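Quick caveat: nothing in here was measured; it's all calculated off a predicted structure. Below, each value reflects all heavy atoms present in this structure, side chains not excepted, and no hydrogens, waters or symmetry copies.
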Amino acid sequence: MTKNSLRDIEERLRSTAGDPFRFDELVDTWNLLFEQHGAATEASSVQVERIVDATFASLGGAGDDQRRSQLQRVINGLPHAALMVRGDGIVTGLNEAALERLSLDPGDPVSRIGYALERDEPLVDVIKTAVSRRNGAGDVVLRRAMHVDSDRAATLAIVPSPGAEAELDMALVFVIDPVWRAEVEALMSRAYDLTSAEAQVLMGFLDGHSLQDLAEMRDRSYTTVRTQFQSVMSKTGARSQAELMRNTLAVSQFFSDVKKVADVAGHPYRKRIDLFRPGGRSVDVTLAGDFSGKLVIYIPDTTQCTFQPEVEAAFRAVGLCVASLCRPGFGRTDPPPKGQDYEECLAEDIAAFQDQYGAQKTPIMAHNTSSCFGYRMGGIIPERITRLIVVSSLVPRSFMKASAIGSPWVAALMRTAKISPKMHRTIVGAAIRSWKAFGSRRMFSMQFASYPPDIELAVRPDSITEHDHAVTAALAQSLDYAVIAFEHAMRDWTDYIQDCTVPIDLIQGRHDSVAGAAGVEAMAAAYPDKMTLHMIEDGGYMLYLSHTRDIVRILLAATQA
């Protein structure tokens, strides 16, 4: 590897490492390094580690992530479409209304919002001005806009991010479209106990009109309208126009409560419980399907922790109770006690839940990054397992080939795991940070590009909800536990397979972009006495949705073994 080529790689890494919305470029650069230099990379790993240490030092601390999360929670229940936008015009977050009504994803330029400002004023320039506080006292900036398809008039309200978030170089952009006016006016009147006149003045303000304009439009004196506006300010607790905008558009409690009710209604066959073990240890378990049915224990992974409603309904239809039991440090499950082996702790948690349920032996199901933990359970507690079912399995590193993997991220993980644990942890950390920033929809679109049918299933709203839940569970206590999962998944864990003494069913899609069918076939061929491979020729990674019946059939057979 020449000095010039290393310098080029360093420059590329530096330009992408600090921006979570450029994670795809970061992974592409990393993979390019290996594709161009091959085995020479291993010999130069010390040099590459130096580059990684330097470039990833710019990733920033957890404080920024926490403040962004707080801001996201504020806007998430708003009736208006609301976006968080950086000073450079990149969208970093959208609430549910925006995701439903706008064709935008985190990481997209705000110019794709679908509304054009009057006089073709660039929206990004208005946002830059708002963020820089050059707009006087930092008050709300209102701009009239037209919907690009229907020519419908709307108002865009740009507010510099409030309070502690100001240092994030962000603005909130609210899309105030007249088609949503009635529901917003009714909500504001109830929330702040406004009179009819006060509600109309508030809505006029939100529509971008001045008090003088409102006085003329309502055939009232300016003094009357000003008094009504001051009453609105008082009732909403606002001290400035910008604060009024934030306060009135951030009435989220009602919508948050509705979402919780909707979640429960959407999952009639789901129940969450906490298993309490001796010594105060708590284990996070979610039951799905028939709560009194035949038990299957599922070890969640970073992409699938719980299941979509139609999958849960399929479990119930055949009398299966699938218990998603979070690993130590995931969700609300406590980390392992000090000094205890991670996998031994997981095995004890599983056995304790089986005892509580009254089941001596059950099937164990694993998925993707939890595959290796499933095999390990077959070596630690084989007496408690009837069969091991692994869906979309990863394979030990000795069976993996980067050229056969369709996911750029997984290829990068495999390569880093091979030459340097330090770099592996770095890539995992960057990926999780980016995943949190731009969301599951973009993450899965990137990783499943080689098999579009998987993208179609992965970006369904119910799938996004489950993927986001899985990431949240993986990061609930510390990034370290998510890193443990990836470190185990990418190492050469053939010893886990050799120690496993229970029969194994592998359910694999021929077009799986993450693991690659060739590696799974090679693993199954190496252990014919242990493994039965169910290769689904028209399947990819999203087998839970695309081939639910096949999975349920194999699970049901495993409970009868």
Quiz prompt | Any donor-acceptor N/O pair, S234 side chain to Q230 backbone, under 3.5 Å | solution = no

Quiz prompt | Approximate separation, where rounding is to 0.5 Å, of I158 CD1 and L123 CG | solution = 5.5 Å

Self-check item: Non-neighbouring partners of F448 that pass ring-ring contact (aromatic ring centres under 6.0 Å, His included), sequence neighbours left out
Solution: F444, Y541

Quiz item: Once the angle between the rings of F307 and Y298 is folded into 0 to 90°, is it parallel (under 30°), tilted (30 to 60°) or perpendicular (over 60°)?
Solution: tilted

Quiz prompt | R272 bridged to D284 by N-O distance under 4.0 Å | solution = yes

Self-check item: F229: partners by ring-ring contact (aromatic ring centres under 6.0 Å, His included), with sequence neighbours left out
Solution: F205

Quiz prompt | Exercise: identify the closest heavy-atom pair between R327 and P300 | solution = NH1-O, 2.6 Å

Practice problem: Output yes when D349 and R277 qualify as a salt bridge under the 4.0 Å nitrogen-oxygen rule, no when they do not. | Solution: yes

Quiz item: For Q200 and S196, does a side-chain donor sit closer than 3.5 Å to a side-chain acceptor?
Solution: yes

Quiz item: So does E310 have more than 12 non-hydrogen atoms from other groups sitting under 6.0 Å from CD?
Solution: yes

Quiz item: Between CD of E312 and CZ of R270, what distance do you get to the nearest 0.5 Å?
Solution: 4.0 Å

Quiz item: Do any N or O atoms from the side chain of S370 and from the backbone of F373 form a donor-acceptor pair under 3.5 angstrom?
Solution: no

